[in-house]
Amino acid sequence: MTIGRVVVRRLAAGVLTLLVVSGVVFAAGLLLPGDAARAVLGRTATPERLEALRQQMHLDDPPLGRYWSWIGDLATGNLGDSVITQQPVTQLIGERATNSVLLMVLAALVATPLSILLGTWSALRRDRLADHATSLGTLVLASLPEFVTGVVLLFLFSTVVFRWFPAVTDATRPVLEQPAVLVLPTVTLVLAVSPYITRMMRATMLEVLDSEYVHQARLKGVPERTVLLRHALPNSIGPVAQVVALQLAWLAGGIVLVETLFAYPGIGEGIFQAVDNRDIPTLQALVMLVAAFYVVVNLLADVIGVLANPRLRAGAR
Amino acid sequence: MSAAVVPGDAGRGGLRVRDLRVDTREGVPVIEHLDLDVPAGRVLGLVGESGSGKTTAGLAMLAHTRGGLRIAAGSVVLDGTDLARLSETELRQWRGARVSYVPQDPTTALNPALRVGHQVREVLDHHESGIAVAERWRRVQAAFEEVGLPTDEKFMRRYPHELSGGQQQRIGIAMAFVTWPALVVLDEPTTGLDVSTQSLVLKTVRQLTDRHGCAAIYISHDLAVVVEVADEIAVLYAGAVVEQGPAAELVGRPRHPYTSRLIAAVPDLDGRRELKGIAGAAPSPDTRPDGCRFAPRCELAIDDCTRELPPFQDVGQGHSARCIRAGDVRPAEVRDRMTQAADETPEPLLVVEGLDAGYGPTHVLRDLSLVIPGGSCVALLGESGSGKTTLARTLAGLHHQAAGTLRFSGEDLPFGSHARSRAVRAAISYVFQNPYSSLNPRRTVGDSIARPLRVLRGVDRTTARRRAAEMLERVYLSADYADRYPDQLSGGERQRVAVARALISEPALLVCDEITSALDVSVQANIVELIDEMRHELGLTLLFVTHDIALVRNVAQQVAVLQGGAIVEDAPTERLFTDPAHTYTREMLDRTPTLAS
């Protein structure tokens, strides 16, 4: 199977995944308690006003018909208007998406190399103190929910102990004008995803270091550095890439809590608010965006996995 | 030796090992009292069963030990330098350059992510960095040519998985010889290869050592292979050399009982020597007895044998043995040629007609016909890729992408096992090639054996367990093995369990798929004896799938030779060996290593 066919097949599977997700998202929107029209107009609204708004929002149409017209709009890039601000959802998403992507990219850029290094180092120090310490540390971090880590970080670095970084983001200014606000959310996310990547890296590295070809490279008189960089690392990157991608994909959902905690104006906080406001069009669009991100990241993981393995790359089945 | 003068061939002192000892971390010796001399241009064969310490000894020649072991004493002197005293940094200059290693399994020893040309060139990159890159490539090409591999750019750029097993092993050999080393250690480099590939590899090794005037140690469990390539042979048993001498002399006139038994375990292509295994198993490092380690398994053992490790006794012709009764050891008896006569009126048990089988678009078997007479042993002989396993699996109902007719005891036999009745499934049993993966590691041996009875014959639990215990004794394991798990058993014991599991449903046909190829020769002989005995006692019919033509002569009455998915010769065993009709059969006969060199 050539790399081109892998991409095409995975893309087709990705579109199918998104279609299923859209169904679930839509159904979830229907099941959400409360009435969107009442959420918009508030408790004091008259029945006539509510009815008019329901008409306007097509809330009384049969669900299947609404689903199809929503999908059709989605495919043409029309995400509808927010029922709260009456602005097009696309406009709303734009800024939030940029902010979230910025946060995720930062977290990934820090977490991936850090974990690969830490995992490799731990594997090289197998069964020594450093290895045990890393194992224990990653296990503790992995079992802490990210909002707990976030709260602890807030406590330590922005409120009680030190006051180095701001605790919340000023939503009225662009994020890039206040880079300090990025630090704590990024660190929280890094601490959330690194343990898994580190542990996976350690495990595959140990396996590879114990392989016959690594022994053989040493018996060829190859220096340890080259053994590691040329023989061990490329063969352990493949499986780790999958975990990195899964963690990145998790980030897309994981930022909901972290963004909310730090009041960071990204997709996650957007989802939170949309749920709070019964702002169904915004909610649906945001969730679909997260799902699309998930699909793309997994596709990338597959491509890296294939590229790292000549057996798959050359297409011998 | 006839060492032509080549670059790098100057001042060759050969290898001299003295009193080498390798210990475990707890101080238990794995090998000890090891003295070896290999002059430049000579090949020493190091023979031993699994667990004898032969790989440990081989790696010690590079002053390398596997995890948990260390070189505790002694010297490994190569060209005047004691490798055992060098630091890791100094050793790095030697390994790959002056002393190199060819591992057993090339499929795992080549880096899957590096192109083969680069993997070989890498050795020069580290050891001959003074020469230009273009020149290094030329050296790699020359090395490829020497081992009979293509030298074009396209081949160099291939990845290991794109090569056949034989080609991969030749890459390993090219890698070992590319730096013109003083010593090459080859650790079972032909185990798992077909005879034709094996004979090519053996020839190549011999040529290269002659041409480069390099000393070589060839490690194997198979004496017949070692005799083909070695000038001298050292026999290793339980961590110590028990006998050494010139190859032909040692094999023709063994002076240690162990060597003599090892020779008897090698299947004889002439069929003039009875195939005999060695009872018992070699002791592990921490259970080695005092005195002669072979004494507990030795027929000649007397009380004196258990006092101390016998010293080497010179028995003449540069030949010596660690045995106080060396003079009483007799070579294996030669008898009249065996006549594996077929039954006079054999009813066909299984008839195959016009069988086509394959995997998706790939055809493996084409229009194949075969008759297996009841009560006999039919050998299915073929090299890897010949389709022999596909045929065996199709007959056993494990492969159903097939067309044609199968008739079993006169009845039509469907292809997939799901389409077969329980009675038929019980009547056809299968023993797999690898006893290390064919037994469920989470199930006790007793459970594994009882399972077919419970599933196929509907026998209740208590009866099944009793029958399993009986079966264990039949295959010469004690009944208390029933509570053990497979990982507590040796390879030979596991294969006995697999045979017991196959026989418990009282089958009419037993399909044996390369059942000895993962085992040592001495264990192989035991399993073959067992199978033969069972055939006589239980009136079994056997389909014995193998790539080993010498083994065929010792087990089968009829041989079907499979090549490229078709049977090219089907004849009674005796006629196949005395008058092979097909060129392919003749080639296989010629290329098979024998002890009579």
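Computed from a predicted structure; not experimentally measured. Letters A, B, ... are given to chains in the order of the sequence lines, protein chains preceding strands, and every chain is numbered from 1.
Looking at B:Val178, B:Thr179, B:Val123 one by one, the single match for side chain to side chain contact (heavy atoms under 4.5 Å, CB included) with A:Lys220 turns out to be B:Val123. Among B:Pro103, B:Pro160, B:Pro106, B:Pro112, the one residue that satisfies the side chain to side chain contact (heavy atoms under 4.5 Å, CB included) test with A:Tyr213 is B:Pro112.
The environment of A:His132 atom NE2 is dense: over 12 non-hydrogen atoms of other residues, nucleotides or ligands sit within 6.0 angstrom. For B:Arg66, the CZ atom counts as densely surrounded, since its 6.0 Å shell holds more than 12 non-hydrogen atoms of other residues, nucleotides or ligands. No more than 12 heavy-atom neighbours from other residues, nucleotides or ligands sit within 6.0 angstrom of OH on A:Tyr196.
A:Thr226 contributes atom OG1, which lies 4.5 Å from atom NE2 of B:His126 (distance to the nearest 0.5 angstrom). Here the CG-CZ distance, from B:Leu62 to A:Arg218, works out to 14.0 Å after rounding to the nearest 0.5 Å.
Only the backbone of B:Leu110 has a heavy atom closer than 4.5 Å to any heavy atom of chain A. Heavy-atom distances place no part of B:Ser100 under 4.5 Å from chain A, backbone and side chain included. Interface residue B:Leu59: only side-chain heavy atoms are found under 4.5 Å from chain A.
Partners of B:Arg92 by salt bridge (charged side-chain N to carboxylate O under 4.0 Å, His left out), not counting sequence neighbours: none found.
The two atoms that bring B:Tyr101 and A:Leu219 nearest to each other are CD2-CD1, 3.5 Å, heavy atoms only.
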field: Residues B:Gln104, A:Glu212; criterion side-chain contact (heavy atoms from CB on, under 4.5 Å); working and verdict
entry: CA-CA 10 Å; B:Gln104 175 169 356; A:Glu212 287 295 319; over 6 Å; no
field: Working for side-chain contact (heavy atoms from CB on, under 4.5 Å), residues B:Glu88 and A:Glu224
entry: CA-CA 11 Å; B:Glu88 275 299 309; A:Glu224 204 54 26; over 6 Å; no
query: Can you check side-chain contact (heavy atoms from CB on, under 4.5 Å) on B:His118 and A:Arg230, steps first, answer last?
result: CA-CA 11 Å; B:His118 276 96; A:Arg230 194 149 186 234; 4.0 Å; yes
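Side chain of A:His231 to main chain of B:Leu114: no donor-acceptor pair is present (N/O by atom type, distance under 3.5 Å, no hydrogens or angles).
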